Q: 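What follows is a single structure, and I will ask about it in a moment.
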Amino acid sequence: MFALVDCNNFYASCERLFRPELEGQPIVVLSNNDGCVIARSNEAKALGIPMGAPEFKYRKQMQAQGVHVFSSNFPLYGDLSARVMSVLEKLSPDLEIYSIDEAFADMRGFNHYDLYLHGLKVRRIVRQWTGIPVSIGMASTKTLSKIANHVAKKTPRTNGVFIFENQTQIDNVLKKIEIGDVWGVGRKWSDSLKNNGIISAHDLAQADENWIRRKYSVVMQRTVQELKGKSCISIEDLPEKKQLLVSRSFRERVTSFQHLRSLLMGYISRACEKLRRQGSVAKSISLFIRTSPFSEGAGYSNSMSISLNQYTADTSTLIKAGAYALERIFKPDYEYQKAGIMLLDIVPDHFQQLCLFQAEKYNDAARKRMKLLDHINAKYGKQTLRFAAESKKRWYMHQDHLSPAYTTRWEDLLVVR
DNA sequence: TCTGGGGTCCTAGGACCC
DNA sequence: TCTGGGGTCCTAGGACCC
């Protein structure tokens with residue numbers, strides 16, 4: 001038995017937690033740059049604001065309807081997520097944190113429990129200890145537990161906990177679930193499946209597995225098996241990250257090479273900090289730049305990867321490689337809208353394969369420099385010490401509706417009177 | 001004027017090997 | 001006129017997730 005615990009409208013709930021007067025009010029949270037809607041409270045959903053809606057297209061409507069708009073505040077969401085997960089870890093021993101607002105739990109060993117009552121208890125404790133409302137779905141496979149969770153969210157009389165008990169019940173629910181709402185079926189596949197007469201989750205569960213495998217992939221075949229109740233996807237330990245991406249859309253279009261370069265070098269610096277914090281090293285870097293896909297006329301998009309001859313977490317080495325790549329792919333006279341860098345071929349520092357002609361891991365002096373750099377920036381604030389190649393402001397973003405970092409900055413702590 | 005950021009997995013096809 | 005069979009490794013691109 002698997003349980004899926006999912007926070008309800010997570011980002012919106014986080015914002016509401018510190019603004020209790022917004023209980024029952026419509027709330028939306030915007031993506032970086034205040035670009036589009038990435039989270040909505042139930043009230044906002046009811047007003048017909050779609051997921052992914054560009055902010056500028058809905059500004060008037062949202063103002064007229066009194067929607068409370070927030071810029072995304074990831075330090076806040078990350079911290080509250082960690083609190084929720086730590087409570088869940090106490091309640092369910094085998095937990096897989098699947099995303100910022102979801103976790104799967106292996107419920108084997110809970111056979112002598114009343115699972116429904118246990119679910120209610122977990123829900124109550126998480127709410128009481130963190131203030132975040134969650135829903136819980138349970139079933140014999142991960143894919144079905146996703147669907148059970150959906151039922152728990154949509155059906156008030158479940159009290160936020162729903163468990164698939166028998167096949168008749170599963171069949172009845174699957175018939176009502178649209179194919180596109182099944183975990184693992186995105187828009188492309190959903191369109192294609194519909195053309196082949198597969199409309200509901202139940203249709204997919206009945207489909208011929210071999211045909212699915214041939215026409216789509218082994219991934220979709222697994223989804224079919226999971227819908228039938230045969231578990232193919234197990235609880236996983238948190239795997240090491242294999243790639244690390246830092247990218248941003250720009251607030252204003254960037255045209256100059258110097259400017260683009262200084263921004264990208266800042267991204268590299270940021271990525272290297274993350275890499276060192278997780279105790280890893282990387283051996284290749286990829287860099288991309290592009291114009292807006294929405295603007296008319298000829299656009300330009302290009303990327304380049306560079307392989308290093310040894311693993312490293314040294315910012316200056318990677319900045320050099322990144323700068324080289326940018327010189328190759330930069331074309332003048334374009335208005336760049338987005339750029340980013342990716343570190344690839346990442347392994348734990350203690351696990352790296354050395355080069356035949358290289359006696360030791362990456363340069364001792366560089367290692368010490370990075371340690372010092374991280375130490376100073378941790379103590380005196382971000383970018384106290386930075387590379388000359390990176391811009392002082394790493395990215396300039398629109399964040400016109402940002403809430404305080406209530407739980408991660410001393411200055412933003414709530415004051416109780 | 002304005003449309004996010006950060007990931008994973010699988011497959012096809014090319015380059016290469018004997 | 002006729003040109004094998006069996007493999008590995010890597011990369012780009014496409015699908016998916018939240």
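All figures in this text were calculated on a predicted structure; none of them were measured in a lab. So that the names make sense, note that chain A is the first sequence line, chain B the second, and so on, each numbered from 1.
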Q: Nearest to the side chain of Asp101(A), heavy atoms from C-beta on, is which of dG4(B), dG7(B), dC18(C)?
A: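 The answer is dC18(C).
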Q: Report which part of the nucleic acid Arg251(A) touches: base, sugar-phosphate, or nothing (heavy-atom distance under 4.0 Å, all strands).
A: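 Touches nothing.
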Q: Which nucleotide in the set dT3(B), dG6(B), dG4(B) lies at the smallest distance from any side-chain heavy atom of Arg248(A)?
A: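 The answer is dG6(B), which lies nearest to the side chain.
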Q: Quick check for you: among dC2(B), dG7(B), dG4(B), whose closest atom lies nearest to any side-chain atom of Arg253(A)?
A: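 Output: dC2(B).
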Q: Measure the distance from NZ on Lys338(A) to P on dG6(B) and round it to the nearest whole Å.
A: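 It works out to 8 Å between those atoms.
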Q: Among the nucleotides dC16(C), dG4(B), dT11(B), which one has an atom lying closest to any side-chain atom of Gln337(A)?
A: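 Of the options given, the side chain of Gln337(A) lies nearest dG4(B).
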Q: Please report the distance, rounded to the nearest Å, between CD1 in Ile341(A) and C1' in dG5(B).
A: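 After rounding, the reported distance stands at 13 Å.
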Q: In terms of side-chain heavy atoms of Ser247(A), which of dG5(B), dT3(B), dG7(B) is nearest?
A: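 Of the candidates, dG5(B) comes closest.
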Q: Do Tyr11(A) and Phe70(A) have ring centres separated by under 6.0 Å?
A: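 No - the distance between ring centres of Tyr11(A) and Phe70(A) does not fall below the 6.0 Å cut-off.
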Q: Taking the nucleotide of DNA chain B with the nearest heavy atom to each, does Val219(A) or Gly52(A) sit closer to the 5' end?
A: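 The residue closer to the strand's 5' end, by nearest nucleotide, is Gly52(A).
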Q: Picking from dA15(C), dC10(B), dG5(B), which would you name as closest to the side chain of Ser249(A)?
A: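 Closest nucleotide among those given: dG5(B).
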Q: Can Arg16(A) and Glu43(A) be said to form a salt bridge (Lys or Arg N to Asp or Glu O under 4.0 Å), step by step?
A: CA-CA 13 Å; Arg16(A) 186 134 68 189; Glu43(A) 298 79 12; 3.5 Å; yes
Q: Does OP1 or OP2 of dA15(C) have a side-chain N or O of Ser217(A) closer than 4.0 Å?
A: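 The answer is no; no side-chain N or O of Ser217(A) sits under 4.0 Å from OP1 or OP2.
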Q: Considering only side-chain heavy atoms of Lys146(A), which listed nucleotide, dG6(B), dC18(C), dG4(B), is closest?
A: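 It is dC18(C).
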Q: Classify the nucleic acid contact of Val182(A) as base, sugar-phosphate or nothing, counting any heavy atom under 4.0 Å across all strands shown.
A: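 Val182(A): backbone/sugar contact only, no base atoms under 4.0 Å.
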Q: Arg222(A) has an atom CZ; how far is it from atom P of dC9(B), in whole Å?
A: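 Rounded to whole Å, this separation is 10 Å.
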Q: Whole Å only: how far is the NZ atom of Lys242(A) from the C1' atom of dC9(B)?
A: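 Interatomic distance, NZ of Lys242(A) to C1' of dC9(B): 8 Å.
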Q: Parallel, tilted or perpendicular: which one describes the rings of Phe110(A) and His118(A), with boundaries at 30° and 60°?
A: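 Tilted, since the angle between the ring planes falls between 30° and 60°.
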Q: As an exercise, state the distance from CG of Asn73(A) to OG1 of Thr407(A), rounded to the nearest 0.5 Å.
A: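 Separation between the atoms: 8.0 Å.
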Q: Measure the distance from CD1 on Ile100(A) to P on dG4(B) and round it to the nearest whole Å.
A: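 For the pair Ile100(A) CD1 and dG4(B) P, the rounded distance is 19 Å.
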Q: Where the side chain of Cys36(A) is defined as all heavy atoms beyond and including C-beta, which of dG4(B), dC2(B), dC16(C) is the nearest nucleotide?
A: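 The nucleotide sitting nearest to the side chain is dG4(B).
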Q: Would you say Asn8(A) and Ser135(A) are linked by a side-chain donor-acceptor pair, where the criterion is simply a distance under 3.5 Å?
A: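 Yes, side-chain donor-acceptor contact under 3.5 Å.
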Q: Measuring from the side chain of Ser31(A) (C-beta onward, heavy atoms only), which nucleotide among dT3(B), dT8(B), dG4(B) has the closest atom?
A: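 Taking heavy atoms from C-beta onward, the closest nucleotide is dG4(B).
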Q: Round to a whole Å and report the spacing from CD of Gln399(A) to P of dG5(B).
A: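 Going from Gln399(A) (CD) to dG5(B) (P), I get 11 Å.
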Q: Is the ring centre of Phe294(A) under 5.5 Å from the base ring centre of dT3(B), and are the two planes under 30° apart, so that they stack?
A: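 Whether judged by distance or by angle, Phe294(A) passes, so it stacks on the base of dT3(B).
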Q: Would you kindly give the CD-to-P distance between Gln243(A) and dC9(B), to the nearest whole Å?
A: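 In whole Å, dC9(B) P lies 9 Å from Gln243(A) CD.
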Q: Rounded to whole angstrom units, what separation is found between the CD atom of Glu252(A) and the C1' atom of dC2(B)?
A: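 Between C1' of dC2(B) and CD of Glu252(A): 11 Å.
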Q: Check the angle between the aromatic planes of Tyr300(A) and Tyr334(A) and answer parallel, tilted or perpendicular using the 30° and 60° thresholds.
A: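 Parallel: the ring planes of Tyr300(A) and Tyr334(A) meet at under 30°.
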Q: Nearest to the side chain of Glu102(A), which nucleotide is it out of dC16(C), dC18(C), dG5(B)?
A: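 Of all the options, the side chain of Glu102(A) is nearest to dC18(C).
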